[in-house]
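Only one structure is covered here, and it is reproduced in the block below.
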Amino acid sequence: MNENHKIESTSWDPSLELKILDKWREDNVYGFSIIGQNSIPFVIDTPPPYPSGRPWHIGAAAHYAQIDMIARAARMKDYCVFFPIGIDRNGLPVEIYTEKKYKIQMRKTDREKFLDLCKQALDDLESEMIQIMKDMGISGNFDEYYRTDSTEFRSLTQSTFINLWRRDLIYIANRPNNYCYDCGTTLADAEITYQEIPTKLIYMKFNIKETGTIIVASTRPELLFACQAIIVNSEDNRYTELIGKHVILPIFDREVEILAHRTANPDFGSGAVMVCSYGDQNDVQLFRELGLEEIVSLTELGTTTELAKPYANLRISQARSRIIEDLKKDQRIEREENIMHRTPICERSRTPIEILSMQDYYLKQMSYIPKLKKLASKIKFHPEIHRQILNSWLDSVSIDWPISRRRFYGTEIPIWFCNICKTPNLPEAGQYYRPWKEKPPFENCSKCGSKEFTGEDRIFDTWMDSSITPLFITRYLRDQKLYDYLYPTNLRPQAKDIIRTWLYYSMLRCFQQTDQLPWSEAWIMGYGVDEKGEKMSKSKGNVIDPFPIIHRYGADAFRFWSATEGNLGQDFRCSEQRIAISKNFLSKLWNLARFVSSFKIIYDLPRHLDDSDKWILGELSKLVKECELGYNDYNFFIPANAIRDFTWNLFASHYLEMVKWRVYENEHKYGHESAISTINKCLSTILLLLSPICPFITEEIWTKMYSDKSIHLQKMPKSGTEYQDLTKYTKPILEFNSMVWTKKKGTISPETGKPLSLKDPIQIAVPTTLISFAPDLRKMHNLNS
RNA sequence: GGAUGGGUGGUCCAGCUUGGUUAAGAUACCUGUCUCACACACAGGUGAUCGAGAGUUCAAAUCUCUCCCCAUCCA
């Protein structure tokens with residue numbers, strides 16, 4: 001017990017948090033060690049945040065605060081908790097950020113130099129994020145935090161790729177892809193935005209082979225030569241007769257069939273649509289769905305291919321005006337209409353993208369879907385409702401995963417192509433390779449023996465890296481002993497918007513490597529939205545910076561807010577005002593402790609307990625039980641609210657007022673000791689229960705009053721059933737107290753002319769049901785019945 | 001266009017799985033109070049036909065159907 005246990009100040013000072021942080025670091029309170037460890041591991045596959053720009057997202061900060069609560073609660077349940085911290089540093093966002101920051105273009109910058117600039121940008125942003133996480137009291141393993149762009153991480157990504165290649169799970173194929181001419185790269189769908197751009201809709205008159213004509217409207221007449229079908233809606237009576245008939249393409253004199261398809265919108269243009277390879281994403285889908293044969297229409301240079309015959313090797317805009325000109329001469333243009341067209345544009349260059357057939361690497365995933373579905377049903381979801389996002393995604397995966405990107409900042413695809421026979425040659429797994437700048441680690445081509453190679457200059461989709469975090473953190477392929485102890489891990493905490501990507505890809509990749517799922521549980525958090533309930537985004541300008549907020553109100557206030565703000569898995573609104581309010585509870589708790597600390601501290605309960613004391617202990621064990629339920633489900637909304645409710649509305653407002661007299665008067669030895677020990681029991685239990693949510697204030701009070709050792713080395717209180725029967729008096733006690741207060745308020749004192757003060761005497765009889773609490777109730781209200 | 005989640009006092013949010021006393025809590029607001037931990041507090045109070053409509057039932061915030069609105073994801 002601490003000698004100088006009295007708390008002096010009248011309010012919780014958040015600046016104490018810094019001091020506490022220092023102490024935790026010095027004492028290494030949260031260290032993880034496998035040595036001599038015979039307890040059960042609890043491994044959290046922490047999401048490595050992506051430093052994509054400033055400010056960091058307040059919702060993300062709240063997210064990490066809650067993951068930390070999971071870790072802390074698990075430690076108190078005696079698990080050997082492994083809580084790694086990582087930073088995701090691969091991919092497009094940092095490239096965009098770097099281009100903007102240094103006003104350069106990736107393609108026009110030396111690759112090496114560009115990578116260095118990206119690294120610098122990442123370092124700055126990363127240190128800020130790490131600082132916020134530390135300031136929030138995150139108890140992860142910061143000493144050896146990992147980066148997904150480290151040599152160790154990237155070599156693991158490459159090792160798993162080499163493994164997949166050797167198992168014939170990788171292939172190279174031509175598939176239509178988004179392509180930006182300005183950036184010279186393929187783009188993932190996620191890197192595309194849409195903009196309304198004015199364009200001309202051309203109504204063309206085509207002859208029908210069987211008989212008659214049809215009007216087809218298109219914004220892309222230059223792709224006429226790549227047309228493979230005309231579609232109409234089967235419910236559009238103008239065309240029902242024509243379905244199955246054939247259109248003769250003018251100029252090119254080729255026949256294509258008129259087909260029915262639900263995507264043909266009768267209200268747009270003429271209702272008849274030209275399907276070309278490829279005018280837009282819809283065309284891609286139609287080609288696949290209708291089994292049409294692709295006509296390669298555009299080159300990587302942004303010109304038409306040879307197949308465009310008279311219009312070959314022209315820029316797209318040139319080809320368009322020439323074709324329109326010729327169609328006009330031929331009386332094929334019915335009319336032109338100016339419209340606003342929702343056009344896909346590149347997020348970086350803001351120029352329209354084209355869809356090109358490009359050669360890319362694919363990872364086979366289709367054959368794994370049935371097995372993954374089966375395994376997915378075994379994952380425990382918190383909350384259960386979010387399981388269906390994964391399930392519906394598993395149902396809708398329809399093509400293999402394109403894993404190559406024509407970009408710079410990412411893990412390189414470790415392949416060298418033979419200059420003579422073009423055979424791809426792969427190095428041995430275990431190293432980090434950069435084929436675009438390095439010589440291959442072998443002499444001869446495995447097929448023809450040639451010594452000349454060209455290194456692959458493409459990189460992986462970033463999800464190839466992030467999907468193996470469970471393998472990386474458990475030291476897969478690097479430390480068998482640790483890996484055996486830690487894998488499969490326990491929990492994947494993550495945001496719900498990346499279930500289709502991070503959660504799914506991790507399942508796939510880890511299963512391909514280990515034949516089992518990487519975790520047994522998934523904890524899915526909603527995202528922080530703004531005060532109007534809309535998602536925060538930089539373009540909307542509604543992003544809240546967590547840094548100043550955490551410093552203004554303190555980490556514990558922020559964490560308590562995050563726990564009370566919304567139920568498990570739901571989106572939650574972020575409002576500074578509400579964070580400010582949560583500080584009030586900390587203040588209440590602090591003053592409660594100040595009161596308790598002003599008396600002797602008796603930690604163990606005596607043999608004799610008064611009935612009021614038994615009653616509150618009964619309520620206390622109910623609270624312990626409820627917190628246990630919440631913590632077991634990683635749902636902090638439940639314990640945070642239950643603790644606040646018990647502490648404020650029961651313990652402080654009613655119980656404490658009832659027993660105050662016994663706490664002050666030590667003539668009644670038994671009653672005095674009973675009360676003192678009970679208030680200490682309640683306070684210490686509250687502190688323990690609250691410590692995963694508010695680690696700072698609980699630590700400060702705990703170490704001041706109860707122990708020299710950190711509260712975070714303590715065990716979680718176990719639930720029991722003591723004095724449960726007495727909780728039936730809770731409602732009558734509250735009602736009686738309220739009745740007395742109301743009566744005093746309604747009684748005007750003859751001396752002051754004001755309502756009676758709470759300490760003034762009044763004549764009210766304690767009801768017989770509450771007779772065992774009568775001494776306390778009489779003293780509390782100064783009843784002189 | 002498809003999918004998912006949500007619509008409960010001024011605001012935020014619990015309850016809905018398993019229908020049943022007066023719809024909980026926080027905050028805001030109003031009134032009063034410095035009552036030996038706390039005015040970042042205490043006491044009291046105002047305030048919700050639970051998105052709309054229909055149905056099932058002795059009984060619906062809760063179950064069923066239809067519709068409306070909001071958000072997110074996918075196209």
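Scope of the values below: all heavy atoms of this structure, side chains included, with no hydrogens, waters or symmetry mates. Chain letters run A, B, ... following the sequence lines, proteins first and then strands; every chain starts at 1. As the structure is a prediction and not an experimental result, all values here were calculated from the model.
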| query | Salt-bridged, R220(A) to E354(A), with N to O below 4.0 Å? | reply | yes
| query | Do K744(A) and D760(A) meet the salt-bridge criterion of a basic N to acidic O distance under 4.0 Å? | reply |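 Result for this pair is no, no salt bridge flagged.
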| request: Give a yes/no answer on whether the side chain of K532(A) brings an N or O atom under 4.0 Å of OP1 or OP2 in C70(B). | output: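 It does not, given that no N or O in the side chain of K532(A) lies less than 4.0 Å from OP1 or OP2 of C70(B).
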How would you label the contact of [X] with the nucleic acid (heavy atoms, under 4.0 Å): base, sugar-phosphate, or nothing?
| X | answer |
| --- | --- |
| K744(A) | nothing |
| I385(A) | sugar-phosphate |
| N282(A) | nothing |

For a quick check under 3.5 Å, do [X] and [Y] share a side-chain donor-acceptor pair by atom type?
| X | Y | value |
| --- | --- | --- |
| N591(A) | W12(A) | no |
| E521(A) | Y634(A) | yes |
| S612(A) | D610(A) | no |
| E531(A) | N542(A) | no |

Look at the side chain of [X] and the backbone N and O of [Y], then say whether any donor-acceptor pair between them is shorter than 3.5 Å.
| X | Y | result |
| --- | --- | --- |
| H261(A) | L286(A) | no |
| S684(A) | N680(A) | yes |
| T564(A) | N641(A) | no |

| query | Between atom SG of C574(A) and atom CD of E565(A), what is the distance when rounded to the nearest 0.5 Å? | reply | 7.5 Å
| Are I544(A) and M536(A) side-chain neighbours, meaning at least one heavy-atom pair lies under 4.5 Å? |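 A side-chain contact under 4.5 Å exists here.
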| field | Heavy-atom side-chain proximity of Y505(A) to I403(A) below 4.5 angstrom | value |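 Sidechains of I403(A) and Y505(A): no contact.
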Between [M] and [N], how far apart are the [atom1] atoms? Round to whole Å, please.
| N | M | atom1 | result |
| --- | --- | --- | --- |
| U33(B) | A24(B) | P | 29 Å |
| G51(B) | U62(B) | P | 8 Å |
| A61(B) | G7(B) | C1' | 12 Å |
| A60(B) | G53(B) | P | 15 Å |
| C68(B) | A75(B) | P | 25 Å |
| C13(B) | A48(B) | C1' | 14 Å |
| G47(B) | C29(B) | C1' | 9 Å |
| G25(B) | A71(B) | P | 31 Å |

| task | Check RNA chain B against residues 590-600 of chain A and give the residues with a non-hydrogen atom under 4.0 Å, in numerical order. | result |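 Contacts with RNA chain B under 4.0 Å: N591(A), L592(A), R594(A), F595(A).
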Rounded to the Å, how far apart are [X] [atom1] and [N] [atom2]?
| X | N | atom1 | atom2 | result |
| --- | --- | --- | --- | --- |
| D395(A) | A75(B) | CG | P | 16 Å |
| E534(A) | C70(B) | CD | P | 11 Å |
| L390(A) | A3(B) | CG | P | 19 Å |
| E657(A) | C38(B) | CD | C1' | 11 Å |
| H261(A) | G1(B) | NE2 | C1' | 13 Å |
| K754(A) | U31(B) | NZ | C1' | 14 Å |
| L756(A) | U33(B) | CG | P | 13 Å |

| query | Which residue, Q388(A) or D497(A), contacts RNA chain B at a nucleotide closer to its 5' end, judged by nearest heavy atom? | reply |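 That would be Q388(A).
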| request: Report the residue (K660(A) or I389(A)) whose heavy-atom-nearest nucleotide on RNA chain B is the more 5′ of the two. | output: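 Upstream on the strand: I389(A).
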Every protein N/O within reach of nucleotides 41-46 of chain B N/O, cut-off under 3.5 Å:
| residue | atom | partner | partner atom | Å |
| --- | --- | --- | --- | --- |
| A41(B) | O3' | K588(A) | NZ | 3.2 |
| C42(B) | OP1 | K588(A) | NZ | 3.0 |
| C42(B) | OP1 | W648(A) | NE1 | 2.5 |
| A43(B) | N3 | K745(A) | NZ | 3.1 |
| G44(B) | OP1 | S738(A) | OG | 2.7 |

All N/O contacts under 3.5 Å from nucleotides 7-17 of chain B to the protein, with atom names and distances to one decimal?
| residue | atom | partner | partner atom | Å |
| --- | --- | --- | --- | --- |
| C12(B) | OP1 | R573(A) | NH1 | 3.2 |
| C12(B) | O2' | E565(A) | OE2 | 3.0 |
| C12(B) | O2' | R578(A) | NH2 | 3.3 |
| C12(B) | O2 | R578(A) | NH2 | 3.4 |

| Candidates A28(B), A75(B), C38(B) - which lies nearest the side chain of Q577(A) |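 Of A28(B), A75(B), C38(B), A28(B) is nearest to the side chain of Q577(A).
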| query | With sequence neighbours excluded, what pairs up with K373(A) under the side chain to side chain donor-acceptor pair (under 3.5 Å) test? | reply |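 Here the qualifying residues are D395(A).
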| Want to know the stems of RNA chain B: at least 3 consecutive Watson-Crick or G-U pairs with distances under 3.5 Å, which are they? | B:1-7 with B:68-74, B:10-12 with B:25-27, B:29-33 with B:41-45, B:51-55 with B:63-67
| field | Contact list for residues 625-639 of chain A, test salt bridge (charged side-chain N to carboxylate O under 4.0 Å, His left out), sequence neighbours left out | value | none
| request: Describe, in one word, how the ring planes of W741(A) and H654(A) are oriented to each other, choosing from parallel (under 30°), tilted (30 to 60°) and perpendicular (over 60°). | output: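 Ring orientation of W741(A) relative to H654(A): tilted.
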| query | Do F636(A) and Y631(A) have their ring centres less than 6.0 Å from each other? | reply | yes
